[in-house]
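Below is one structure; the comments refer to it alone.
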Amino acid sequence: PEDALPPEGHPDIPTGEGSGFLISPDGEVLTNHHVVAEADAVTVRLADGRAFPAEVVGADERTDVALLRVEATGLPWVELGRSADLRVGDRVVAIGSPFGLARSVTEGIVSAKGRALGSGPYDDYIQTDASINPGNSGGPLFDLRGRVVGINTAVNPWGQGLGFAIPIDQVREELDALRTEGRVPRGWIGVGLRDLDAELAEALGVERGVVLGEVYPGTPAEAAGLRAGDVVVALDGQPVPAREGAAALVRAVGRHRPGERLRLDVVRNGEKQAVTVVLGERPAEEALNAGPVPPDAPQAPRLGVVIRQEADGLAVARVHPDGPARGRLQPGDRLVTVNGAPVRTPDELGAALARDEARALVVVRREGSQVFVVVPLAADR
């Protein structure tokens, strides 16, 4: 799909291009959310030259998926495979329109699965070395049986041979909601999560799980009786993965719909118990990350952020709209290290920033994933 071409005589109307693929003979098309997000009109052009105006049926910004529909029948379509069956080393084929070169085909292997790029709480990308460039966004990633296993979506501009695709299994879970509601409402319990390290595991007497660092007031978690310090070890009977536990738990809860009942097995004071939570709907990320900022919250003007002191360290409370961290850090980020030094207090942050006059390499914990961010520093003041 691509933005509609401008009418004759209006050359300044911006247009854009992307890729997509038909998933049914009656005109359903999958692409990326960012391909159609700002479009006033969308046109789908087929390989045989036919063009159709398209309706955006539904879209989900968090996973960058959009479902379109064109008024036509008997169209050629592709079969959806299973991304869960992919193995690292399997060969895959990407098709799209990089730089406007329609129907370009590239081939590579699956380099990794479950990649988190820091773009949101539901990051779970397939990494491939099949060439993916601007214009490939929204196009299909095929296995060698001709089944779609992913939607090509992200390019790493700092690396060679790095492309990323949304697993098609994740997209399958969203299709019904996109068709019927135009969006994807996700379950939410209202807690702050912390991964379990070795020291914490020994102190709490558990081998694996995710710690509830905070239980927010007025949330489903509080209503269910969950407490800060509880360790979630299983969700509906499924153990929490030992690796990327917090991120996996967020994704697992998000697969359920608001109003559903979810059983959490937790360890509290060394004893295991089951807690049933009636899920709410996950708010917008901006609302989740913002929160109240105390009037005396410490400033980090060289980064262009306001910092919140929390029990386990520092978090970003606000990002100044014209500051150097704009578009790089975001409210809710937990600071882990700055320029290689752990930062748990404002004084430690100031000392770490003084190590480099020009920039800061910041490691943050964001939605259960560790993210590396380079921030150019403002002049000291």
So, taking the atom named CG in N136 and the one named CG in L101, what distance separates them when rounded to the nearest 0.5 Å? 9.5 Å

Exercise: identify the closest heavy-atom pair between Q127 and R115: OE1-NE, 2.7 Å

Cluster overlap L361 with I307, hydrophobic side-chain contacts below 4.5 Å: no

Side chains of W188 and P258, heavy atoms from C-beta outward: is any pair under 4.5 Å? no

With a 4.0 Å cut-off on N to O distance, would you call D195 and R365 a salt bridge? yes

Is it the case that one hydrophobic cluster holds both I126 and L144, taking links as side-chain heavy atoms less than 4.5 Å apart, direct or via other members? no

4.5 Å side-chain heavy-atom contact, L141 and I168: no

Is any side-chain heavy atom of V78 closer than 4.5 Å to one of L22? no

Heavy-atom count around R172 CZ within 6.0 Å, excluding the residue itself: above 12? yes

Any side-chain to backbone donor/acceptor pair from N32 onto H34? Under 3.5 Å, distance only. no

For L175 and L30, run side-chain contact (heavy atoms from CB on, under 4.5 Å): C-alpha distance rounded to whole Å, both residues' side-chain angles, the deciding distance at 0.1 Å, then the answer. CA-CA 10 Å; L175 277 175; L30 279 175; 4.0 Å; yes

What about V149 and I132, same hydrophobic cluster or not, with Ile/Leu/Val/Met/Phe/Trp/Tyr joined at side-chain heavy-atom distances under 4.5 Å? no

For D169 and G81 the tightest heavy-atom approach is OD1-O, 4.0 Å

Is T128 close to I109 at the side-chain level, that is, under 4.5 Å between some pair of heavy atoms? no

Over all atoms of both residues, closest heavy-atom pair of D124 and P167: O-CG, 2.9 Å

Assigning hydrophobic clusters by single linkage (Ile, Leu, Val, Met, Phe, Trp, Tyr; side-chain heavy-atom cutoff under 4.5 Å), is L193 placed with V363? no

Could you state whether V336 and V373 fall into the same hydrophobic cluster, counting links through intermediate Ile, Leu, Val, Met, Phe, Trp or Tyr residues with side-chain heavy atoms under 4.5 angstrom apart? no

Does R69 use its side chain to pair, donor to acceptor, with the backbone of V56 at less than 3.5 Å? no

Kindly indicate whether the side chain of I95, heavy atoms from C-beta on, has any atom under 4.5 Å from the side chain of F142. yes

Give a yes or no on whether E281 atom CD has more than 12 heavy-atom contacts from other residues, nucleotides or ligands under 6.0 Å away. yes

Under the side-chain hydrogen bond (donor to acceptor under 3.5 Å, both in side chains) rule, what do T73 and D26 come out as? Steps first, then yes or no, please. CA-CA 4 Å; T73 58; D26 56 354; over 6 Å; no

Can you confirm whether L303 sits close enough to V338 that some side-chain heavy atom of one is under 4.5 Å from a side-chain heavy atom of the other? no

Working to the nearest 0.5 Å, report the span between CG of D64 and OG1 of T153. 4.0 Å

Value rounded to 0.5 Å, distance of CG in L249 from CG in L264: 6.5 Å

To check you understand the geometry: which heavy-atom pair defines the closest contact between D60 and H33, and what is its length? O-CB, 3.8 Å

Any side-chain to backbone donor/acceptor pair from T337 onto G340? Under 3.5 Å, distance only. no

Residues W77, L75; criterion side-chain contact (heavy atoms from CB on, under 4.5 Å); working and verdict: CA-CA 6 Å; W77 55 284; L75 298 174; over 6 Å; no

May I ask you to decide if A165's main-chain N or O and N152's side chain share a donor-acceptor pair within less than 3.5 Å? no

Are the side chains of T276 and L262 in touch, meaning some heavy atoms are under 4.5 Å apart? no

Is it the case that over 12 heavy atoms from other parts of the model lie below 6.0 angstrom from the CZ atom of R147? yes

Ignoring hydrogens and angles, tell me if any N or O in the side chain of D265 forms a donor-acceptor pair with the backbone of A274 under 3.5 Å. no

Do the side chain of K113 and the main chain of V88 share a donor and acceptor less than 3.5 angstrom apart? no

Taking R251 for the side chain and D123 for the main chain, is one N or O donor matched with an acceptor at less than 3.5 Å? yes

Below 4.0 angstrom, N of the basic side chain to O of the carboxylate: do R227 and E222 qualify? no

Is R179 atom CZ crowded by more than 12 heavy atoms from other residues, nucleotides or ligands, each under 6.0 Å away? yes

Output yes when a side-chain donor or acceptor of D143 lies under 3.5 Å from a complementary backbone atom of R91, and no otherwise. no

By the definition side chain to side chain contact (heavy atoms under 4.5 Å, CB included), identify the one residue from I166, L67, T63 that meets it with E174. T63

D90 CG to S83 OG distance, which is reported to the nearest 0.5 Å: 12.0 Å

Any salt bridge between E181 and R257, counting N to O under 4.0 Å? no

Closest contact, heavy atoms only, R282 versus G187: CB-O, 4.2 Å

What's the separation between atom OH in Y125 and atom CD1 in I151, rounded to the nearest 0.5 Å? 11.0 Å

Any carboxylate oxygen within less than 4.0 angstrom of a Lys/Arg side-chain nitrogen, looking at D236 and R255? no

Side-chain ion pair, R50 and D48, N-O less than 4.0 Å: yes

CZ of R261 to NE2 of H256, rounded to nearest 0.5 Å, is 13.5 Å

Does any part of the side chain of R62, heavy atoms only, come nearer than 4.5 Å to the side chain of R183, both counted from C-beta? no

For S19 and S97, indicate whether the former's side chain and the latter's backbone hold a donor-acceptor pair under 3.5 Å. yes

Show your working on side-chain contact (heavy atoms from CB on, under 4.5 Å) between V148 and E79 and close with a plain yes or no. CA-CA 6 Å; V148 177; E79 179 185 354; over 6 Å; no

Search all heavy atoms of G237 against all heavy atoms of P239 and return the closest pair with its distance. O-CD, 3.6 Å

Would you find a donor on one side and an acceptor on the other, under 3.5 Å apart, between the side chain of R87 and the backbone of D85? no

L178 vs V57, test: side-chain contact (heavy atoms from CB on, under 4.5 Å). Steps then yes/no. CA-CA 7 Å; L178 291 174; V57 176; 5.8 Å; no

